[in-house]
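Report on one structure; see the data block that follows.
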Amino acid sequence: MSASRISTCLWFNGDPEEAAKHYVSLIPNSRIKSVSRYGPNMPLPEGTPLMVELELDGAAYMLLNGGPQFPQSEAVSIVVACDTQADIDRLWEALTANGGNESQCGWCKDRWGVSWQIVPRQMGAWMTDPDKEKVGRVAAAFMPMKKLDIATLEAAFRG
């Protein structure tokens with residue numbers, strides 16, 4: 001099987017190498033594939049990270065150190081489906097630490113401004129269940145939450 005030709009590029013204003021190291025430390029089955037650096041006569045000092053290619057659990061990303069022109073926004077987020085509450089708690093704490101912040105409905109931002117959705121793996125099944133009352137109860141339960149709580153959402157689903 002060949003590697004996918006599709007990847008996501010995220011624009012950074014600062015050190016994408018530090019962010020990449022942080023991300024691969026959090027997500028199992030992840031690795032930094034390469035780091036390119038600015039050379040002589042380029043916009044940033046020689047040796048400054050330019051592009052980091054990495055995989056997060058097999059998904060390809062590029063982190064581009066392009067400057068302040070295009071800040072991160074919630075228009076793009078990385079979604080991580082978690083099997084356990086411990087996984088949600090661990091990722092949530094690590095991503096919101098050191099300048100990150102919490103938002104609503106399982107969304108948070110890390111210290112680089114990248115938006116993440118940290119959700120239970122079963123969220124998709126809950127939200128597409130043919131029983132619209134179950135779906136409504138789950139939605140009503142997660143809307144006021146910041147970090148999602150699997151037990152509360154499961155109880156809402158079951159009624």
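As a basis for the values below, the full set of heavy atoms in this structure was taken, side chains included, without hydrogen atoms, waters or symmetry mates.
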Which pairs would a plain distance check flag for residues 34-42, meaning a side-chain donor or acceptor within less than 3.5 Å of a matching protein atom at least two apart in sequence or in another chain?
from	atom 1	to	atom 2	distance (Å)
S34	OG	E53	OE2	3.0
S36	OG	M51	N	3.3
S36	OG	M51	O	3.4
R37	NH1	E17	OE1	3.3
R37	NH1	G47	O	3.2
R37	NH2	E17	OE1	2.9
R37	NH2	E17	OE2	3.1
Y38	OH	N65	O	2.6

What pairs of donor and acceptor atoms, side-chain ones from residues 133-140 against any protein atom, are under 3.5 angstrom apart with sequence neighbours left out?
from	atom 1	to	atom 2	distance (Å)
R137	NE	A156	O	2.7
R137	NH2	F157	O	2.9

Can you give the donor-acceptor pairs under 3.5 Å from side chains of residues 73-83 to other protein atoms, not counting sequence neighbours?
from	atom 1	to	atom 2	distance (Å)
S73	OG	A75	N	3.1
E74	OE2	K109	NZ	3.0
S77	OG	Q117	NE2	2.8
D83	OD1	R121	NE	2.5

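For W11, the ring pair (Phe, Tyr, Trp, His ring centres under 6.0 Å) partners at least two apart in sequence or on another chain are F70. Residues forming a ring pair (Phe, Tyr, Trp, His ring centres under 6.0 Å) with W92 (at least two apart in sequence, or on another chain): none.
Considering CD of E93 and CD1 of I118, their distance stands at 11.5 Å, rounded to 0.5 Å. Atom CG of D110 and atom CG of N98 lie 10.5 Å apart (nearest 0.5 Å). Atom CG of L63 sits about 12.0 Å away from atom CD of E18, to the nearest 0.5 Å. Expressed to the nearest 0.5 Å, how far NZ of K147 lies from CG of L95 amounts to 12.0 Å. Remark: L26 CG to D87 CG distance equals 11.5 Å, nearest 0.5 Å.
Residues R31 and L54 have side chains not in contact (no heavy-atom distance under 4.5 Å, counting atoms from C-beta outward). With contacts defined as side-chain heavy-atom distances shorter than 4.5 Å, the pair W112/F12 qualifies. Looking only at side-chain heavy atoms (C-beta outward), I32 and E55 stay at 4.5 Å or farther from each other. Contact annotation: the side chain of L64 never approaches that of V52 to less than 4.5 Å [non-hydrogen atoms, C-beta and beyond]. For the pair Q104 and M145, the minimum side-chain heavy-atom distance is 4.5 Å or more. P16 is listed as a side-chain neighbour of P49, based on a closest heavy-atom distance under 4.5 Å. Considering only heavy atoms from C-beta on, Q122 comes within 4.5 Å of I150 through its side chain.
When all heavy atoms are compared, the tightest approach of P120 to L148 is CD-CD1, 3.7 Å. Shown here for P28 and R90, the closest heavy-atom pair between the two residues is CD-NH2, 4.3 Å.
Transitive grouping of hydrophobic side chains (ILVMFWY, heavy atoms separated by less than 4.5 Å) brings I88 and V114 into a common cluster. Note on I6 and L56: separate hydrophobic clusters, where clusters join Ile, Leu, Val, Met, Phe, Trp and Tyr whose side-chain heavy atoms are under 4.5 Å apart, directly or indirectly.
No donor-acceptor pair closer than 3.5 Å links the side chain of S7 to the backbone N or O of Y61.
Sorted by first and then second residue, the salt bridge (charged side-chain N to carboxylate O under 4.0 Å, His left out) pairs involving residues 148-157 (not counting sequence neighbours) are E154-R158.
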Going through the distances and angles, do Q72 and S115 end up as a side-chain contact (heavy atoms from CB on, under 4.5 Å)?
CA-CA 8 Å; Q72 298 288 334; S115 290; over 6 Å; no
Start with the C-alpha gap between W126 and F142, add the side-chain angles, then the distance that decides, and say whether ring pair (Phe, Tyr, Trp, His ring centres under 6.0 Å) holds.
CA-CA 12 Å; W126 291 336; F142 77 68; 9.3 Å; no
